Amino acid sequence: MLTLRLPDGATREAPEGALPRDVVASIGPRLLRDAIAVELDGEVLDLDTPLRKGGAFRVITEKDPESLAVLRHSGAHILATAVRRLRPDAKIGFGPAIEDGFYYDFEVKEPFTPEDLEKFESEMKKVISEKFPFVREEVSQAEARKRFADDPLKLERLGEFSDDEIISTYTDGPFIDLCRGPHVPDTSYLKNFKLLHTAGAYWRGDEHRQMLQRIYATAFWKKEDLEAHLHQLEEGKRRDHRVLAQQLDLYSTDARVGPGLILWHPKGAIIRNEIEEYEKALILRHGYDLVFTPHIVSEKLFQISGHLENFKENMFGAMDVEGASYRPKPMNCPGHIVIYQSHQRSYRDLPIRYAEFGAVYRYERSGTLHGMMRVRGFTQDDAHIFCTLEQVPAEIDRLLDLCDEMLKTFGYPYTIELATRPDKALGTPEVWQNAEKTLADALNKRGQSFTYDEGGGTFYGPKLDFKLIDAIGRKWQGPTVQLDFNLPERFGLEYTGPDNTPHRPIMLHRVLVGSMERFVGGLIEHFAGAFPLWLAPEQVRVIPIADEVKGFAQSVVERLKTRGVRVHLDDRSETLNYRIREGEMMKIPYMAVVGKREAESDSIALRVRGAGKKQEVMTVTDFLARIEDELATRALKP
RNA sequence: GCCACAGUAGCUCAGGGGUAGAGCACCCGAUUCGUAAUCGGGCGGUCGUGAGUUCAAUUCUCACCUGUGGCUCCA
């Protein structure tokens with residue numbers, strides 16, 4: 001007999017091989033109706049998978065987040081069922097649930113078209129209405145080979161099973177798949193789904209293997225959730241930084257310059273410069289020293305750092321300079337280390353914090369480039385902290401303050417992940433455990449919640465990853481802090497301790513925005529191009545209603561200009577409506593409309609971006625005070 | 001790099017074996033307006049680049065370049 005512990009503390013006895021369905025039914029028939037799957041000791045099983053061991057037992061219903069993955073995985077089978085009906089020649093690969101939906105990979109001679117997708121979707125609806133049960137069977141290797149004789153990809157997978165592994169198949173109507181499960185009871189459970197797009201994908205993610213055709217889709221229990229998700233995708237498209245940047249004239253690329261190389265237009269440059277100025281003041285306040293290092297560097301440096309060995313495929317080629325090889329730097333760390341080594345260092349000097357807005361160049365494969373998000377030349381807001389082991393907690397604490405302050409300024413909520421030792425790693429497990437504990441302690445001490453990303457560290461040390469959440473709920477890579485056990489060794493970094501002997505410092509790498517390019521690209525989408533006042537390329541546009549008040553409008557412009565406000569006068573001979581419309585489309589935070597009434601009272605009719613006709617009339621003096629306050633506090637609105 | 005798709009005026013796009021069209025933008029003129037497009041006129045493209053097929057290519061074919069969606073990789 002197996003003993004199952006229920007969440008309320010009660011226990012149930014069930015014979016070995018009992019079906020979860022029967023156990024759930026014994027708890028209550030209503031529960032069985034709502035049950036999607038069960039969880040046994042953390043493993044999700046469907047209702048028809050025989051129980052082989054006892055443990056913590058929990059029923060999963062639509063309310064549990066785990067149920068969504070079960071639904072989506074079943075959705076993948078339903079998709080494959082439909083595809084097989086319409087394209088019997090399609091060989092099946094894998095079809096897992098993923099974060100926002102599911103996909104299925106097929107090997108086909110003719111790639112799928114958007115019209116195919118529509119047909120598959122209607123065919124899926126048929127499969128759903130046919131209400132095929134998902135039938136689980138456990139079979140022998142020989143039997144499995146027979147069943148998948150026509151599916152070479154499945155046969156390959158079968159070859160990897162060890163003798164003691166259970167091979168299971170799932171059948172829904174005409175379709176059979178090699179699959180571990182779990183699945184929903186039958187195909188009718190899938191009600192709210194949408195096929196999204198197709199894409200090529202390597203068989204088993206290996207670029208040396210053949211390309212399969214992948215169909216991406218999403219599914220939810222509730223119609224509202226599906227609609228919300230599709231709306232978020234739409235909203236993401238509407239905010240696409242490449243489109244907005246074109247409309248707002250922020251940056252461009254050009255084939256003559258080269259792909260993945262960003263040309264910052266004046267308006268984009270203003271945004272970037274505001275961020276840099278802000279960050280510069282911030283880090284100087286937090287005890288950093290600014291440095292500059294060259295863009296091209298002798299290869300010797302990268303031999304010492306190991307980049308030439310480990311990062312070569314991402315480095316641009318060498319250029320010959322009087323017989324010596326130079327390369328554009330892919331990272332700033334070695335340069336900062338050399339500055340550290342330009343003097344003998346004492347424990348009294350530490351911590352040393354070098355910061356640089358360092359341009360780096362990395363050879364990224366052409367297919368990976370994407371707007372400002374993935375480029376070949378970018379500027380990192382990079383810093384390296386050299387300190388003693390004892391100083392690490394205080395440095396982490398300082399960094400958490402710094403990140404928190406900065407992310408609040410941009411209006412990003414965030415989460416933190418602590419990435420731990422990967423399989424292939426430098427240094428002993430003890431050193432790692434110690435370092436991971438130091439990081440965790442620093443977070444815990446200030447009550448900062450975080451999750452673990454097990455095995456997600458770099459080979460040279462653990463790291464903290466900040467994940468930003470943007471205005472429509474998407475996650476972005478934010479600041480990272482990495483401990484480095486490697487470079488101090490390779491360069492033989494030293495400082496003299498109080499005991500008058502040499503010691504090896506600890507090195508911390510950290511970026512806040514990461515790369516100016518990627519961060520600004522993200523900001524464009526976060527704000528949908530409507531930048532807060534302090535970042536807006538054009539902050540105020542003054543619009544005289546008619547020529548007779550041009551002089552007054554000019555005086556408003558002058559007064560704003562002397563306070564450093566980025567202001568323009570739009571006195572073109574266009575209608576007021578036309579000029580207002582253009583200002584709105586350029587997402588200018590404030591339009592100061594002035595007519596005869598305003599000129600008489602030294603005031604403006606202020607149109608706030610996005611507020612439509614709800615204008616406020618205020619004196620120029622009051623407007624100046626308002627602007628100055630919003631700039632000083634870097635207000636997020638308007 | 002790989003798979004699929006795309007490239008026509010500054011932008012968004014229509015067209016199609018006989019060397020091109022719209023709207024917006026831009027320029028000129030009229031208009032002087034109270035909160036999201038005033039009217040009229042004009043300028044503007046060797047149809048991504050190169051080669052091939054053809055009497056004839058922007059249109060068909062191939063290669064390359066650039067971009068898009070993914071894969072792989074990543075700030």
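Here the structure is a predicted model, which is why all the values come from computation and not from measurement.
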* OP1, OP2 of B:rC33 versus side-chain N and O of A:T575: anything below 4.0 Å? -> no

* Could you check whether the rings of A:F386 and A:H384 sit parallel, tilted or perpendicular, using 30° and 60° as the cut-offs? => tilted

* Classify the nucleic acid contact of A:E574 as base, sugar-phosphate or nothing, counting any heavy atom under 4.0 Å across all strands shown. => base

* Asked: For A:Q246 and B:rC11, what is the distance between atoms CD and C1' respectively, to the nearest whole Å?
  -> 6 Å

* Using a strict cut-off of less than 4.0 Å between a Lys/Arg side-chain nitrogen and an Asp/Glu carboxylate oxygen, indicate whether A:R581 and A:E584 qualify as a salt bridge. => no

* Structure fact -> The nucleotide from B:rA75, B:rC71, B:rA37 with an atom nearest the side chain of A:R214 is B:rC71

* **Candidate nucleotides B:rA36, B:rU38, B:rC73, ranked by approach to the side chain of A:E364 - the nearest** => B:rC73

* To do: Could you work out the separation of B:rU61 and B:rU53 based on their C1' atoms and round it to a whole Å?
  => 7 Å

* Base, sugar-phosphate alone, or nothing: which one does A:V375 contact when heavy atoms must sit under 4.0 Å apart? -> base

* To do: Give A:G205 one of three labels, base, sugar-phosphate or nothing, depending on what nucleic acid heavy atoms sit under 4.0 Å from its own.
  => sugar-phosphate

* Euclidean distance, atom NZ of residue A:K613 to atom P of B:rU35 [Å, nearest integer] -> 6 Å

* Asked: Side chain of A:R518: nearest nucleotide among B:rG69, B:rA75, B:rC71?
  -> B:rA75

* **Options B:rC65, B:rA37, B:rU35, nucleotide nearest the side-chain atoms of A:R581** => B:rA37

* Given the C1' atoms of B:rA57 and B:rU38, what is the spacing between them in whole Å? -> 44 Å

* **Phosphate OP1/OP2 of B:rG69: any A:R242 side-chain N/O under 4.0 Å** => yes

* To do: Any strand is fair game: report the nucleotide pairing with B:rA4 by Watson-Crick or G-U wobble, both distances under 3.5 Å, or none.
  => B:rU68

* To do: Report the relative orientation of the aromatic rings in A:Y414 and A:F466; use parallel for angles under 30°, tilted for 30 to 60°, perpendicular for over 60°.
  => tilted

* Integer-rounded Å distance: B:rC71 C1' and A:F106 CZ -> 17 Å

* Phosphate OP1/OP2 of B:rA75 contacted by A:Y361 side-chain N/O (<4.0 Å) -> no

* Sugar-phosphate only, base, or nothing, as touched by A:F378 at under 4.0 Å among non-hydrogen atoms -> base

* **Whether A:F112 and A:F106 hold their rings parallel, tilted or perpendicular, with breakpoints at 30° and 60°** => perpendicular

* Side-chain donor/acceptor contact of A:Q213 with base of B:rG70 under 3.5 Å -> no

* Are A:R204 and A:E160 within salt-bridge range, i.e. N to O under 4.0 Å? -> yes

* Tell me what A:Y216 touches on the nucleic acid: a base, only sugar-phosphate, or nothing, going by heavy atoms under 4.0 Å. => sugar-phosphate

* To do: Report yes or no: is the cationic atom of A:R214 (NZ for Lys, CZ for Arg) closer than 6.0 Å to the six-membered ring centre of A:Y103, at no more than 45° off its axis?
  => yes

* B:rC26 versus B:rC43 - spacing of their C1' atoms, nearest Å -> 8 Å

* Compare side-chain N and O positions of A:T198 against OP1 and OP2 of B:rA4 and report whether any pair is under 4.0 Å apart. => no

* Asked: Parallel, tilted or perpendicular for A:H77 and A:H73, by the 30°/60° rule?
  -> perpendicular

* Round to a whole Å and report the spacing from CG of A:D570 to P of B:rU32. => 18 Å

* Structure fact -> As its Watson-Crick or G-U partner within any shown strand, both distances under 3.5 Å, B:rC73 has none

* Rounded P spacing from B:rA37 to B:rA9 in Å -> 28 Å

* Interatomic distance at C1', B:rC11 relative to B:rG69, whole Å -> 23 Å

* Asked: When all nucleic acid strands are considered with a 4.0 Å heavy-atom cut-off, which category describes A:Q482: base, sugar-phosphate, or nothing?
  -> nothing

* **Distance between P atoms of B:rU32 and B:rC47 (Å, rounded)** => 45 Å

* To do: Tell me what A:G514 touches on the nucleic acid: a base, only sugar-phosphate, or nothing, going by heavy atoms under 4.0 Å.
  => sugar-phosphate

* Which part of the nucleic acid, if any, lies within reach of A:V593 when heavy atoms closer than 4.0 Å are counted: base, sugar-phosphate only, or nothing? -> base

* Of the nucleotides B:rC2, B:rA75, B:rG34, which has the atom closest to the A:Q477 side chain? -> B:rA75

* Nearest-Å distance once atom P is located in both B:rU58 and B:rU46 -> 13 Å

* To do: Would you mind reading off the distance between A:I604 atom CD1 and B:rG34 atom P, rounded to a whole angstrom?
  => 19 Å

* To do: Return the value, rounded to whole Å, for the distance between atom CG of A:D465 and atom P of B:rC74.
  => 12 Å

* Asked: In the strands shown, is B:rC62 matched to any nucleotide by a Watson-Crick or G-U wobble pair with both distances under 3.5 Å, and which?
  -> B:rG50

* Within the pair A:N577 and B:rA37, is there a side-chain N or O less than 4.0 Å away from OP1 or OP2? -> yes

* Starting from the C-alpha separation in whole Å, work towards a yes-or-no answer on side chain to side chain donor-acceptor pair (under 3.5 Å) for A:R272 and A:T379. => CA-CA 10 Å; A:R272 170 175 169 166; A:T379 301; 3.1 Å; yes

* Kindly say whether, by distance alone, the side chain of A:E584 makes a donor-acceptor pair under 3.5 Å with the base of B:rA37? => no

* Asked: Where the side chain of A:N273 meets the backbone of A:A269, is there a donor-acceptor pair that is under 3.5 Å apart?
  -> no

* Can you check whether any acceptor in the base of B:rU32 is under 3.5 Å from a donor in the side chain of A:D547, or vice versa? => yes

* To do: Using atom CD1 of A:I262 as one end and atom P of B:rG67 as the other, report the distance to the nearest whole Å.
  => 10 Å

* To do: Would you indicate which nucleotide in B:rG34, B:rA75, B:rC65 comes nearest to any side-chain atom of A:A255?
  => B:rC65

* Would you say the side-chain atoms of A:H526 pair up with the backbone N or O of A:A471, donor to acceptor, closer than 3.5 Å? -> yes

* Structure fact -> Out of B:rG70, B:rG67, B:rG34, minimum distance to the side chain of A:P259 belongs to B:rG67

* To do: Measure from CH2 on A:W203 to P on B:rG70 and round the result to the nearest Å.
  => 22 Å

* Between B:rC26, B:rA75, B:rA36, spot the one nearest the side chain of A:R572, thanks. => B:rC26

* **Phosphate-side-chain proximity, A:H370 and B:rG69, N/O vs OP1/OP2 below 4.0 Å** => yes

* C1' atoms of B:rG15 and B:rG7, separation to the nearest Å -> 15 Å

* Asked: Any N or O donor-acceptor pair linking the side chain of A:R579 to the base of B:rC33 at under 3.5 Å?
  -> no

* Asked: Counting any heavy atom closer than 4.0 Å, what does A:R607 reach on the DNA or RNA strands: base, sugar-phosphate only, or nothing?
  -> base

* Asked: Does B:rU32 have a Watson-Crick or wobble partner in any strand here, with both distances under 3.5 angstrom, and which is it?
  -> none

* **Pairing partner of B:rA22 (Watson-Crick or G-U wobble, both distances under 3.5 Å)** => B:rU12

